[in-house]
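Below: the structure, in structure tokens.
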Amino acid sequence: MQRIGVFVCWCGSNIAGPVDVERVAEAMKSVPGVVHSTTYQYMCSEVGQSRIMEAIKEHQLTGVVVCSCSPRMHENTFRKTAQRAGLNPYMVEIANIREQCSWIHKDKEVGTQKAIVLAKAAVAKVMLNTPLQAGTSPVIKRALVIGGGIAGIQTALDIADAGYEVDIVEKSPTIGGRMAQLDKTFPTLDCSACILTPKMVDAAQNEKIDIISYAQVEKVSGFVGNFTVTIRKKARFVDELKCTGCGACMEKCPSKKGKNEFNMGLNNRTAIYIPFAQAIPNVAVIDPEQCLKLKTGKCGLCERVCSAGAINYKQEDEVFERQYGAIVAATGFKPIDLDAFDEYGYSQSKDVVTSLEFERIMNAAGPTGGQLVRPSDGKHPHEIVFIQCVGSRDTSGCGKPYCSKICCMYTAKHAMLVRDKYPDVNVHVFYIDVRTPGKNFDEFYRRAVEQYGVDYIKGMVGKVFPEGDKLIVQGSDLINGKQLALQADMVVLAAAIEPDPSARKLATMLTASMDTNDFFTEAHPKLRPVESPTAGVFLSGVCQGPKDIPETVAQAGAAASKVIGLLAKDHLVTNPCVAQSNELLCNGCSQCERVCPYGAISYVEKEIRGPGVREVRRVAQVNPAVCQGCGACTVTCPSGAMDLQGFSNLQIMAEVDAICK
Amino acid sequence: MQVRQDWKPKIVAFCCNWCSYAGADLAGSSRRSYPADVKIIRVPCSCRVNPLFILRAFQRGADGVIICGCHPGDCHYTSGNYYARRRMTLLFKMLEYLGIEKGRTRVEWVSAAEGAKFSSVMNDFVQTVTALGENVKLEDLRCKEPLN
């Protein structure tokens, strides 16, 4: 007979406010099997835990129910408590009477009644718990970082620093990401390339880091400590080992009409190209959509001029598998498409640009050589209007409901840089709010206003349209209560940022969850901000939420330290809540094998002995190291032979019964 | 038949550990209320929900049963929610044939980030079930508490 102890937590006033905890504890005393029931202010505290331990010993408890917060919070805490008192850790069940009860029900009677039902359901379940033993699985001491922007680079560098091997898979031909496109960085105005490229070189030269550029992840299988990843390295049509990056091919290439992605399409590039001067690897790549030789078979100029003999038109995609212990998502962001915001005239005038395009215009290595000129006619502008929150904080459904976080600061930076370099240019900024929380951020913004005389106008812009060679910006000035119609030579839109589109597909492969905006969800919003709820998957940079460079670098380091913590272990403790087949009932029908997503089920010919049975037959066997405990097989099994430990049929039905009583 | 004046529906919600249970936690921590009639049972995945559990719930006097899992494509176990979707489609059809109204059974996808959705789904489900009234089909009267 089980001897159950019930421990009702007050959680200060979190539970004890809306739920009469004493009544809950009292009600549990009359439940069959319960031999001890008590309350305490904070069960998770050292004192609370030692009370549980004492009770386990004193009342010879065989099972424990803690009525407290979500098991996602403290299930492990209380399992360890039980273990310390000599009880099997899996003889603990949690009744979630905080998130599911006290925090959502204001009426004390209603809350108390529900808490009693939840506690009874937990008791009903724990009565059927069986002691489980956790197994172990080995850890492959190599990490994969997906994305080669500043987030991915920093994560890889930190992991490599600790002595572990790490691969960076980058989808474009070079690492560097968005940061490589930036001109200056706030709030210090350092040159972005000057601080990024040394890190890129460090990554390339680090013998622990393998950069797999122009590649993508195609398939992920396995689990924490033991992932198998299929990587497709796209054909560059250039031999990476032979190419010296001299650029002779780019000079001779006759196909010059390719959109230059690095310059946000503001100018063109050749079909064979190196994305930018400091690209890593500094190796040319041929755009197969544009290359005359690959499309028509006629040309081959680059092959003739390449003194290294690196051009290979017959190169094919390379697909290979690698094993990793941990995976870091660092897939970054892109500015949103502005199709839904045509009131700002982005499609109507070349002189309406996004901030990232403006960044390229201001960059000395950009399409204009760093000269501030209008994209339409190359003339020097005199009036520039910046519009903030284009698609950010937009609940209309066209844009994004969140704040993109970086726009206030980069707009202040752009405004300041323009005024610094061209004091003759007037700069106006339309804003809803200026948000500058961050070290030296508000000081930076105030400098833009006070020292550089940038005209900040609180209000939204209704319409931008071309008139002659000017742009008319119609907006409101909320502080002065006026409608404005400004004549501008250029308009710069602070477009919202969104997760890179590749992130969605990756999340599905990793079985990592995402929020409604396609940002990766963290395991806990405050306490586990760089881990995905999927064990072994970590998050770095904007793929988790909008952030600036310092925050990205900090998070990248945090993700790396979590990866290092994982890789430092030789073995991981595995979840013992796995499927188990009752060989007496199993008839070897193979249904379970077909639904198992992990291939954890195999069949053996075995002598089955039981009451009235003695025969050799085919029965299912679960490999507990591979089974992840989803339970798909348990429902499929027509003979009820397959059951899930820790969530058995009887346990769940006991909960159902207790709730429906 | 005697109808209780203060009748409240009994609703069993099966929530997968990775998405919907976390969504319910978020609903709780962001204080998004839903009726106390909903009682949650945690399962590792929506595919762990055996149709038997649902039959059992109705037999024991549940008035509605809802299964919540990760959004299609987001299942922690890759494909569990697809299994759940197929199984429940069939089961609900059969239940309807047996006289259990469509509104008493539901499958919903709630992610870990959708606390607000969890609460609105539960509010809506309780409202639907309340409008349908007490479930009498399939109920095993021997399991029922005697009326006072």
Side-chain angles (χ1 to χ4, degrees), chain A residues 69-73 94 96 98-107 110-111 113-114 117-118 121 125 221 504 507-509 511-517 519 521 523 525 533-534 577 595 597-598 628-636 640 644 646-647 649 652-653 655-661, chain B residues 10-12 14 16-19 21-22 24-45 47-54 56-63 65 70-71 73-80 83-84 87 111-114 117 119 143 145:
Chain A
C69 53
S70 170
R72 292 171 57 88
M73 185 72 94
I94 310 284
N96 183 348
R98 192 178 75 176
E99 280 84 348
Q100 287 174 21
C101 194
S102 68
W103 273 352
I104 48 170
H105 305 313
K106 289 209 174 77
D107 186 316
V110 168
Q113 289 303 340
K114 181 170 174 180
V117 173
L118 294 177
K125 186 179 181 194
S221 60
R504 167 50 69 181
T508 305
M509 284 191 270
T511 70
S513 47
M514 285 190 142
D515 66 15
T516 43
N517 297 309
F519 287 113
T521 311
T534 301
C577 296
V595 294
Y598 303 100
Q628 296 296 298
C630 65
C633 54
T634 62
V635 184
T636 296
L644 187 62
F647 292 95
N649 291 329
I652 295 176
M653 281 202 276
E655 282 182 274
V656 169
D657 290 357
I659 286 172
C660 295
K661 222 168 205 153
Chain B
K10 276 180 192 159
I11 288 168
V12 180
F14 291 98
C16 83
N17 182 47
W18 302 97
C19 291
Y21 196 89
D25 278 354
L26 185 60
S29 55
S30 37
R31 313 296 196 274
R32 291 187 186 270
S33 168
Y34 53 89
D37 312 319
V38 177
K39 312 284 191 314
I40 296 173
I41 294 180
R42 182 163 72 127
V43 285
C45 176
C47 74
R48 176 65 189 96
V49 180
N50 197 311
L52 278 177
F53 303 160
I54 295 159
R56 175 80 159 213
F58 284 120
Q59 183 202 20
R60 294 289 159 139
D63 300 297
V65 178
C70 309
H71 283 270
D74 284 357
C75 175
H76 181 76
Y77 303 101
T78 323
S79 51
Y83 291 130
R87 286 171 187 155
S111 83
E114 293 175 330
K117 180 175 178 188
S119 136
C143 306
E145 271 178 81

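Fair warning: this is a prediction, and the values are worked out from it, not measured in the lab. Just so we're on the same page: letters track the sequence lines, and every chain starts at 1.
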Worksheet entry | Nearest-0.5 Å distance, CD of residue Q100(A) to CZ of residue R42(B) | 9.5 Å

Would you indicate whether the side-chain heavy atoms of [Y] and [X] approach each other to under 4.5 Å?
X       : Y       : result
Y83(B)  : V635(A) : no
F14(B)  : I652(A) : yes
C660(A) : V12(B)  : yes
P44(B)  : L644(A) : yes

Contact part of [X] toward chain A, heavy-atom cut-off under 4.5 Å: side chain, backbone, both or neither?
X      : answer
T78(B) : both
C75(B) : backbone
D63(B) : neither
V65(B) : neither
A84(B) : neither

Can you name the closest pair of heavy atoms from [X] and [Y] and give their distance?
X       : Y      : answer
F647(A) : R48(B) : O-NH2, 2.8 Å
T508(A) : G73(B) : CG2-O, 3.1 Å
C630(A) : C47(B) : O-SG, 3.7 Å

Please table the atom pairs, donor to acceptor, closer than 3.5 Å between any side-chain atom in residues 31-40 of chain B and protein atoms at least two apart or in another chain.
from: R31(B); atom 1: NH1; to: S29(B); atom 2: O; distance (Å): 2.9
from: S33(B); atom 1: OG; to: I104(A); atom 2: O; distance (Å): 3.1
from: K39(B); atom 1: NZ; to: A36(B); atom 2: O; distance (Å): 3.1

Residue, of [options], that accumulates the most heavy atom pairs under 4.5 Å with chain B:
options                            : answer
T534(A), D657(A), T634(A), I659(A) : D657(A)
G629(A), P597(A), G646(A)          : G629(A)
E655(A), R72(A), M653(A)           : R72(A)

Discussion item. Need one label for N649(A): side chain, backbone, both or neither, based on atoms under 4.5 Å from any heavy atom in chain B.
Written reply: both

Item to complete: Salt-bridge test for R98(A) and D25(B): reply yes if a basic N is under 4.0 Å from a carboxylate O, no otherwise.
Response: no

